[in-house]
Structures are given as C-alpha cells and as structure tokens.
Amino acid sequence: MPGSVKLRSMRKFGQENDAYEVSNEGEGYAMVLAGQMKEEAAIRIGFFQLFRFASCREIWMMIGGSACAMLHGSAQPLMLIVFGLLTDTFIEYDIELNELQDPAKHCLNNTIQWRNLTAEENMKLNMTKPCGILDIEYEMTNFAYYYVAIGTTVFILGYLQISLWVTSAARQIQVIRRLYFSKVMRMEIGWFDVNSVGELNTRMSDDINKLNDAMADQVGIFIQRFTTFICGFFVGFMKGWKLTLVIISVSPLIGVGAALMALFVSKLTGRELQAYAKAGAVADEVLSSFRTVAAFGGEKKEVQRYDHNLISAQRWGIRKGLIMGFFTGYMWLIIFLCYALAFWYGSSLVVDTLEYSAGTLLQVFFGVLIAALNLGQASPCLEAFAAGRGAAANIFETIKREPKIDCLSEAGYKLDRVKGDIEFHNVTFHYPSRPEVKILDELNLQVKSGETTAFVGPSGTGKSTAVQLIQRFYDPKEGMVTLDGHDVRGLNIQWLRSLIGVVEQEPVLFATTIAENIRYGRPDVSHDDVVKAAREANAYNFIMDLPQKFDTLVGEGGGQMSGGQKQRIAIARALVRNPRILLLDMATSALDNESEAVVQEALDKVSSGRTTISIAHRLSTIKNADVIVGFEHGRAVERGKHEELMERKGIYYTLVTLQSQGDKALNKKVQERDADEDNHEESKSLSQAGSYRASFRYSNNRSRSQLSNVIPESTVSIAGELAPSLYSESHVSREGAVVEDEEEEVEPAPLARILKYNTPEWPYMVFGSIGAAVNGGVNPVYSLLFSQILATFSMPDPVAQRREINGICLFFVLVGGISFFTQMLQAYSFSMSGELLTRRLRRLGFHAMLGQEVGWFDDHRNSPGALTTRLATDASQVQGATGSQIGMIVNSLTNIGVAIIISFYFSWKLSLVIICFLPFLALSGGFQAKMLTGFAKQDKQAMEAAGQISGEALNNIRTIAGLGKERHFVEMYEAQLDAPYHAALKKANVYGVCYGFAQCVIFMTNSASYRFGGYLVHHEGLHFSLVFRVISAIVTSGTALGKASSYTPDYAKAKIAAARFFQLLDRVPKISVYSDQGDKWDDFKGEIEFKDCKFTYPSRPDIQVLNGLTVSVKPGQTLAFVGSSGCGKSTSVQLLERFYDPDFGRVLIDGHNSSCINVPFLRSKIGIVSQEPVLFDCSIAENIRYGNNQKELSMNDVISAAKKAQLHDFVMSLPEKYDTNVGSQGSQLSRGQKQRIAIARAIIRDPKILLLDEATSALDTESEKTVQAALDRAREGRTCIVIAHRLSTIQNSNIIAVMSRGHVIEKGTHDQLMALQGAYYKLVTTGAPLS
C-alpha cells in the first residue's frame, strides 16, 4: 500500500479536517482511513439511536408494527397444536378401522365388541374402544376452518407488520435525506476537498438505503422470527419436556459444526484473498506502469508473473469448496441422526410408556425444529442492522457537524458602501486536503478599487487560490484578507459573495434554459435585465439566432453550447449581479482565437469602473491591465505595468518571450495554410475546436488539492508529461458522477459461451451434477420416512410395530450418511470447476488488457484501479453462472421431480389438488427469499431525479457557492424527494400485501388438502399416512423450488460480468502488440523523420497537442527538443514508440511509415530513459533484465550494462548486491540510483534509438554529473532524442529544435541558434527555466 497513514484524533474527525497526515500520497490512504472510520463508526451508533429523528406518530407506528409482528410470530407454533390434534384424530380413526377388519369384531352401541360374546363378557375383557362416533369428514372440516382462520389472521398481521414499519421508515428517511443534503450544502469548500464528491454521492444513495434497510421491514421480520423461536420452544417444553431436552442435547453438534464452518471459511477466504492480493498487486503495478511495460515489450512476461500468483489463490479456493462441502454434509448427517434419535426415543414414549400421543410427538419435534430454523433465519436481519448502524455513523456525524464557514448563516456585517479595495496581509495558506504543501507563503498584495489587476505566473503559484480567498471559500491559516479595510471573516458571507462576479476558465452552466442560467446571478431580475446583461456580454446576437432564443436548454453542464457561447453566458450571469468586484480566472484560455476576441472585448467593456482581478496564461490578454502582479512560490514577487515588468526581466518577461515566439510562428503557419487551398478545411476545424469541448466538459477544479486526492503522484507513467496528466483533471471533479453515467449497458452474455470457457472441466461438472441430483432427492425421501413412522402408530401388533420403527430410524441414518458424501462431492466438484474457470478468465482478461493500445488506458474508466477491480470481481462473478448455479438447478429439479413421482404414485387425486397450490407455494418461497435480500433496487430508481440534482450540486459546489445558490438547490432537492417518498408509501402497502399472502399461503394449502384427504380416507379407503406423505412431499419441494428460484440474482450478475469480460476479450486494439503483422527489416539504422504530424490525445480531443510537427534526424545524430511544458515534446516521443499514431501526417523510421511497422519489432529497437523512471518491485538485476524481454540474459550482460551506466560500483557496495529489492516503485533507492538503473535497463536492450526524456532534471548537481556521464556513454553510435529543460545539458546536440504550441519554431545547432538571436537565444541569455 503506497500511503502510510498516521492517524491523529479520530474522535474529532468531523470537526478537524486535518485528522491525518499522509506520507507519500497514494490511493491507499483514503481506503485505510475509510476502513478505520467505518469500524469506529459502526460501534458508536446504538441501534435505537437510528430512530432519533422519529416523530410521535412514527413511534406509534413502530410500536403497532412490533405488536403485529409478535402475534404473527406466534402463529406457526399455534398451528402445531392444531396439527397434533389432527394427527391424533387420523390415528384414532385408523386404529378403529384396523380393529373392525377382524371378522370376529363388530361395532355395537358405539363400542367395539366381540361378535360371539355377550355384553357382560365384553365388559369383562375391557372392550371399551369407542367406534362409529368419529366422523372423519366432519372433523377434518373443523380443522380446515382452524387453518383458514389462522391463515387469514396471518395475512392481516403480516400486512400490518410490514406496512407500518416500512411507512415509518420512509417518513424518517425522508427527514434524514433533507437534513443531510441541506447540511452538506452548508459545508465550507475545504470540507469538499477532503470528502470526495463521489463518496458523498454514494452516501446520499447507498448509505441512506442501508439505513432504510435497517429501519424498515427487517425489524418487523426479526421480531416475528424471534417470537416464533421462543414460542416454538415453549410448545416443546409444555407438551413434552423429555423429548425436547433430548433434541436440544444434539443441537450443540450442529452449532459447533456451523461455527467451525464459519471459522474455516473465513480463514480460507482470507488466505484466498491474500493470495489473490499478490496477483492483484502485480496487476496494479503493471497497469499503473503500463507505458514502461509496453516500451520494453514485457507484456507476455507480466502475464506469466500474474498467472503464477493466481495458482495459489486457486488452490485456496478449491480447499474452501471442499471444506464447505464437508461441513454442509456434516450438518445434514447430524440433522438426519437427530431425526432418527428423536423418532426412536419419541416412539418409545408413545408406544412403550404411553406418556405421549403421536400428535404430541409431532408437536414437540416440529416445535423445536421450527424454533431452530427461525433463529437461523433471524440472523441475516442482524447483518442489515449492523450495516445500517455503520452507514448511519457517517451520515449523523455530518448532520451534527458545524461548518467552519457557514454560507447560510445570517451572522456578519453588511457594509453600507462598498468601494472595492482588497488587500492581503501576510496571508499563509494550505489546502486542508494537503496540509504539508504551502500554497500561499506570507502573501502581501493590494488591489485598488476600480482598477484592473492581472495575476500572472506559472501554474501552481497560488493565483487561483488568492481569488478563492477573496470569495471566502477558505480562510487563511495566518494573516487576513480585507475588503475596504474590513476582515472578510467578519462580513456576512451571502452578502459578500453577492458583490462578486466570477468567470472561470471552464464555466459551469446548469441543466436549464439560458435565461434561467443568467438569472442564477441574481434571482429577482426582470427579463430586460437579463437581455441587457446578455448584450453587455456579446451574447445577445448568438442567443437570438437560436430557435428558442432565451428559452434554449443548455444541456447538462452546458454540453449543448460551444466553449465561447458558454463563456459568454457565464459572463452575462456575472454581470447581471452588477458586481462591485469581478474575478476573471483564465476566462478566455479555453477558447479559439475568434471567440477569444469576442469574449475579450466583452470583458474589457464590463471591467471598467469595477475592481477587476484577472488571471491569465495568455499574456496578450492582460497587456493593458492597470497593474500586473507576478506570482512565484505563493508570493507576489513583482508588480507594475507591462513596460516596467518587461524591463525588469523577471518572471513576466520569461513568460512573454516564450509565448510571443510561439504566437508568431503559429500565425505565420496559419497564413501559409490559408494560401494552400487544399488544407483550407483543416484550419476551419481548428477554429471550431470550441464545440468539441462539449464532449469533455469539467468543472474548474484546477486547484491541485482535488487532484491530489484522486490521482496518486505515482501514476504518471513514463515521462513527466507522458501521461496526459492534464486530462486527469477532467474527470476529477465529476468523478463520482461520471463513473455511474458511463457504465455502458451490456447485453448479458449467452450461457453457451460462458460454458465454452469451462469445457476442460466437464468431468468435474458431471460428478458435481450427480451429487446434486442425489442431494435433491433427500427432501422427498424424508417425507416418505416421516409418514411411514406415523403409519406405525396405528399398528395393532406391538412387536411388528417396534421392528418397523427401528428399521425406519436406521434408514434415516443411512440417508444421512449418503447425503454427507454427496454434499462433499457436489461442493468439491463445482468449486474445482469454478476456480479453474476464474483463473482462466483472469489470465485471459489480463492478457487482453495488456494488448490494448495506450490510448485505451487514458479513458478514466480504464484507470489501473478500475481494471484491477474488474479482474478481481468480474472473473469471480462469472462462476455464478456455471458451477454452483448448475448444482442449484439440478438439485431443485430432482427435488421436485422425485416429490411429484412419489405423490402421484401414492394418490393421484390428492396430488392434483395440491399441485393447484404449487405455483403459489413457489411464489411464496421465492418471495420470502427475496425478503431477505431486501428491495433496495426499486428505491434506487425512484431516487434518480433527486440524485441528479444532488450530483449536479455537489459536482459544481464552487460555482454554486460563488453564486450563493445553496438554498435554491436544497429547495429543488426537497421538491424531488416527494415522488420517491410517495412511491415508498405505496410500496409499503403492496409489499405488506405480498408478504401477508406469502405467509398465509401454506395455511390455506394445508386446509384444502387435509379436508380433501379426510374425504378420500373415508370414501375411498386411502390410508391416512399416505395423506401426510403426499402433502409433506409436495409442500416441502414447493417452498424449496421458490427458494432456489431466488438464488438467480447471482446468475444474472454473472451473465453481465461475463459480458463485460467478453467485451474486453473481443476488443480489437488500434495498435496491436500481439500480432505478427507489419514490416520488419534487418539493417535497422535509426533514421527518424516527423512529417507534418498533427495529434490530439483521444481523451482530450479538443486540445491540439501537435500542430504540424516537421523535423528529422540522421542515424547516430542527437536531436534535442526544448520548449515550455505542454508544447508536445514528450508527445512526439510517444508517437515514435507507437503508443499513439498521429491523426494526420507521418512518422518515418528508415523510410518506413511507423503505422505499418510491426510494433514489438519497433519497440525492441528503442530504449527509453525518462524523468521519473518506473522500476518494478523486484531485484536490481531483474529490473535491468527487464530491458530485454526477448531473450534470457546472463549475469555478465547485466553487469556490463551496469558498468556502462556507472552503476556497478554502487550496487557492489550493497549487502545483497544485485539481488537487492528496489521496493515498490523503486522507493528504496535515491533518484540518481533509480535513474542509473533505468539507463542500464535501456542499454541492455542495445537499442538503435535512445530516447532521453528529461533524464536528469530531477537530480541534484552531484548525481546529475554522474548520470550525465553515463548518458553520454550510452549515446555513442545511437540515434538519440533528448528532451531537456536545462539547456546546459544539450548544447552539444547535432540539432536543437525549439518547440512551441505543437510545432518547431527554430532549429539548428547551438551556435546557429545563438546567431539567430531568436527564442533559443533569449532562453539561454536569461537563463530562465522552461517549466
């Protein structure tokens, strides 16, 4: 884990944003922190505290719901009493029939008498058994009524229990959502830096849903099941304490089994996860340094390394399956032994000592059984409660937290007259999310009212931060910001922000009409004011050209508008406030020249007479400012007018010289182009770049504080700017939202294709299915044995009776033994096939990922984290469609099949009656299983509209705070909550009815079947035990069917996971690493030529990076690129490596077009050393060997490369020499040491072309000398391309090309360029750094 975390006070996490220090920012720390927060949180909130927002009415609802649940819970045990009486009635009737079958007996005066004896003699022989009184049909009708009565009551109670709880929860959740959102909208901006927007969005949806689960139906169900548990035991002890104690005495064996199983499974799961974590770490390391892997052709090697780590995970997974099978089998064995014992001992109490009747035996036995089952079913509810308590902690904590800067508070002064003088006094500031980085360092600065002040300086020097302090988004750590001499902390926030108009680089528009967007500036303005503001902002004309004029919808985030149009709407929004202070944060930087001119004109018009602060990177836009302030390292280092600063030759001068050179060259180029008619189209598309911006919008969260939370420093792959690191900003602010919007919908994969990947395991699957089939037959066999026992109770001959009972008990033992083995067989076989499949898919998936082109990894959906997760979860979810799922289906089918065969064989008439109820039983079983998983899905959809508002609000919180619109959004959100709330109330009723139905269906089935059974026994002479046999066979299998049908969510998930996986496997990369096609040639010389290359990164189609780059270099020569950051130096190197292909133009290598050359061949001829080289977590020797993955390298090769790189002596001084592990990302070594290993790695390839991307810029002078010497040796006899910021290192290059804005503005040797006295000359003479 990259980030190590020191936690300080956890208790006050809410009030103290700097509750942790981070060394080495990495994604790890957020997770650790979240983990620890979670544990703390879960403990702190007691269960009853969840209901702290309940009103009186809701409390009564919950009490009512609980009472109903208790009554409902006692219904099942009550039914047992009826069931016992019913059994006794049947047995009595059967005994009477048996007696009368004897031809010597007959029924006289309602008693059974011997035919050939007198009444007195019969009296003497104690012949008093009654007969002829028992009307079996009448009795059964009565029992049927009992059942119907209990069933109806259950239906009503079930309905009330669920609907009362769900309604009360819905009402409370409504309150919690309101409170939470309105509190979040009041938080200061610094809080949002520490809490990512994505996380807050999740809390608004998932965490509140978890809370809902813990407060709604689950409570009622828990109370009901717990009552059943108590009543079941109560019936058992009341009716027969001896048998109850015997049954209970066995239960520890089951308990111990369950406990051991849980223990082993969690241990083995831990081991499996640990083993997989190693493989996951490999995947993560490889994917985050993907460019290095690609550059050195290490794909196949990495796939093997990954697969090697998967083997142990697979082994643990198989063991887990075997152990689960063993314990499941053990549980079944114990249960059947328990049946045998209970019936054996129970029957002796009935037959030998006559203590119990047969009905009592059943009451006791089933009483204990039901009690145990319900206790087991109550436990999932406890999980829901725990999850709810965990989720509540974060939510309630936020609701309690008082914001440091409360934007909705009424406190603070409002000045009568505002002049607009702003002053910074010794302001020191760092962002709460990165307390160790000082952004402003004792900044002193005056902005006079009515003047235009421009802030200039390299990025990261605190310009935007200063602007945010004026808006009071943050408070300075030391010093103060004043407005007209008043400290802004003493002023009313809403009032202060209403004085300020802000126009940002990437303005945020809201998803409504243009007029509404402008009105956001000030709510109470008339339409005329809106029109006036639009005219001032040069927006009126384009708005009137639109078909719906001011009522045009701008789309989410303003996506329907071009950059220039959005910018002008934003300016109109700022102007309609009639602000005293105007803040322009790079307001025109994102525009093309044409729109820039229009927008700039609008800005110049409106800034007169107002205090204006303008931040700009295009210096042409601020030449005519009243004061220009130069920023460096968080201080204002120079101020004055344009001319004064040009004379001082400071920061401003450096920035201006670089830019003007670039502009000149670009203008020249554009003129040449226009002359050239063929390319006319091209220039048009350039000026329209604005409209592409729609395809990649993002809020202006340029302050690095957000970035650092989301993008760990280490993911910049090969070169400082190789990864389009700017792009990362684009998804940061929207991260939470984007990820959900853009999950592509995939069609579930066909089962046939999933099984195709599993074919090698077919023998396992066959054996597993056999096991499953036997296990499915166990339930019906149980009902066979159970009814057989009842039949013995009416046998007249005691000896035969005893023999029969013992036989049945032995049979129970036998069934237990068989199911022990088949359960093991089923579990082992399917876990084996499942684990092998998972491993195979993971390997294929990883192989496919490494085969994609680099551009694919730039899409944030394919960030290393996302891909690693996809490997981990998707592959293991696919198991759900094959192995255990097949077992489940076979199991259910045999269960039902055997049950139906048994019942039709013994009585087809009764079977037909019960089968009418089968669909209802299955529905009820499925519904009960669904109850356990809850109904969260439907709630999610209902919340979507509200979720969109909250998402838009949180993603654009800065804009909303700047406009003071927090209240407006809170009101919109609350309005959207009504629909889901009413849906939840409706759901409560529907859900209650369904639940009541599911619970009462079994009572109704019993009532009908026993009544009809009585009829058959009476009129058709059916034996009563067969009635029990048929009913119990079908009823148990029916509910089993329902429960099985509920395991299908895994199946659906599996098919979707598989589809996502196949999508990856089927994707054809634009630049294929694994193919053998493409040119290869023997005498590779290394001549390189770029011909009019144009290029944009696929992730940022609107930013033209290369703009007609033309430059060539002969074999053995050195070409140096110089120019400021972002001018396309590193990009040209990436085109050469074929990480990307140019959009237009060609890159020629030895005269071959690069896009036709075989990729592995090309890369094997190129060695690269970058500014921050990526090393892998293995030994030094391994890292050097990585340079050549084509063949096995001896230790001598490694040493000779190390000597050339001036590395050998240093390595020999280490205790473990070449076997020293370099640590994750090479963290155990200094920069100079890492750099030299990287050089050795490049040398061992023996490349024809060497690319040095700022290879020495990160070093101190001492190491730089050593590394520079090593590089000079490495360059001998190779074509070399050098990118450098320190000009001293490239003076002896054959060609120096000065780049700006994506093309070369001058090129030649050092002496030629000095003589030209152009851009290069200025750079060398001022000694200015280029970054």
Side-chain angles (χ1 to χ4, degrees), residues 10-16 19 30-31 33-55 58-59 61-62 65-66 164-187 191 194-223 378-403 736 933-936 939-940 942-943 946-947 950 954 973-974 977 980-981 984 988:
M10 276 312 307
R11 190 184 65 255
K12 295 197 299 192
F13 178 80
Q15 308 97 39
E16 177 182 292
M31 282 150 55
L33 203 89
Q36 270 156 322
M37 279 290 298
K38 272 279 183 323
E39 285 163 29
E40 287 266 324
I43 301 163
R44 263 182 317 195
I45 291 228
F47 178 66
F48 290 105
Q49 284 177 296
L50 294 182
F51 305 102
R52 59 171 73 166
F53 297 108
S55 66
E58 280 127 42
I59 292 175
M61 283 174 132
M62 293 191 286
S66 307
L164 286 173
W165 271 107
V166 173
T167 310
S168 91
R171 296 168 63 108
Q172 292 171 61
I173 290 292
Q174 166 90 328
V175 173
I176 292 175
R177 280 208 160 100
R178 279 212 177 111
L179 287 170
Y180 184 66
F181 186 68
S182 61
K183 180 54 74 82
V184 167
M185 290 305 283
R186 276 175 56 193
M187 290 299 176
W191 187 79
V194 185
N195 294 286
S196 76
V197 171
E199 199 182 317
L200 293 174
N201 274 332
T202 338
R203 275 195 208 155
M204 310 261 333
S205 56
D206 298 4
D207 282 9
I208 294 191
N209 282 345
K210 280 185 195 153
L211 194 55
N212 193 4
D213 283 348
M215 294 165 63
D217 48 325
Q218 296 288 353
V219 189
I221 292 171
F222 179 75
I223 295 175
S379 55
C381 302
L382 295 174
E383 278 170 37
F385 299 155
R389 284 171 54 193
N394 283 329
I395 292 169
F396 290 173
E397 182 147 24
T398 306
I399 291 177
K400 272 202 318 225
R401 180 180 188 274
E402 282 309 314
T933 52
F935 280 74
D939 305 353
K940 268 199 176 142
M943 279 307 294
S950 67
L954 297 176
Y973 181 74
E974 289 183 356
L977 284 180
Y981 169 62

Once rounded to the nearest 0.5 Å, what's the spacing between atom CD of Gln172 and atom CE of Met215?
3.5 Å
Please examine the side chains of Arg186 and Glu402, heavy atoms only from C-beta on, and report whether any two atoms are closer than 4.5 Å.
yes
If you compare all heavy atoms of Arg177 against all heavy atoms of Leu977, which two are closest, and at what distance to 0.1 Å?
CD-CD2, 3.7 Å
Measuring from Arg171:CZ to Tyr981:OH, what's the distance to the nearest 0.5 Å?
4.5 Å
Heavy-atom pair with the smallest gap, counting every atom of Trp165 and Ser66
CZ2-OG, 3.2 Å
Please evaluate residues Phe53 and Phe396 with respect to the criterion ring pair (Phe, Tyr, Trp, His ring centres under 6.0 Å), reporting the C-alpha separation (whole Å), side-chain torsions for both, the decisive distance (0.1 Å), and the verdict.
CA-CA 10 Å; Phe53 297 108; Phe396 290 173; 5.4 Å; yes
Quick one: closest heavy-atom pair of Met62 and Ser168, and the distance?
CG-OG, 3.3 Å
What one should report as the nearest heavy-atom pair of Lys183 and Arg401 is NZ-O, 2.9 Å
Once side chain to side chain contact (heavy atoms under 4.5 Å, CB included) is applied, do any residues pair with Ser182, and if so which ones, sequence neighbours excluded?
Val970
Closest non-hydrogen atom pair, Ala214 against Leu50:
CB-CD1, 4.1 Å
Classify the ring geometry of Phe47 against Phe51: parallel below 30°, tilted from 30° to 60°, perpendicular beyond 60°.
perpendicular
Would you call the rings of Phe385 and Phe222 parallel, tilted or perpendicular if under 30° counts as parallel and over 60° as perpendicular?
perpendicular
What one should report as the nearest heavy-atom pair of Met61 and Thr167 is CE-CG2, 3.5 Å
Do Met187 and Thr398 come within less than 4.5 Å of each other through their side chains, counting heavy atoms only?
yes
Rounded distance [0.5 Å steps], CG in Asn212 versus CD1 in Ile176
9.0 Å
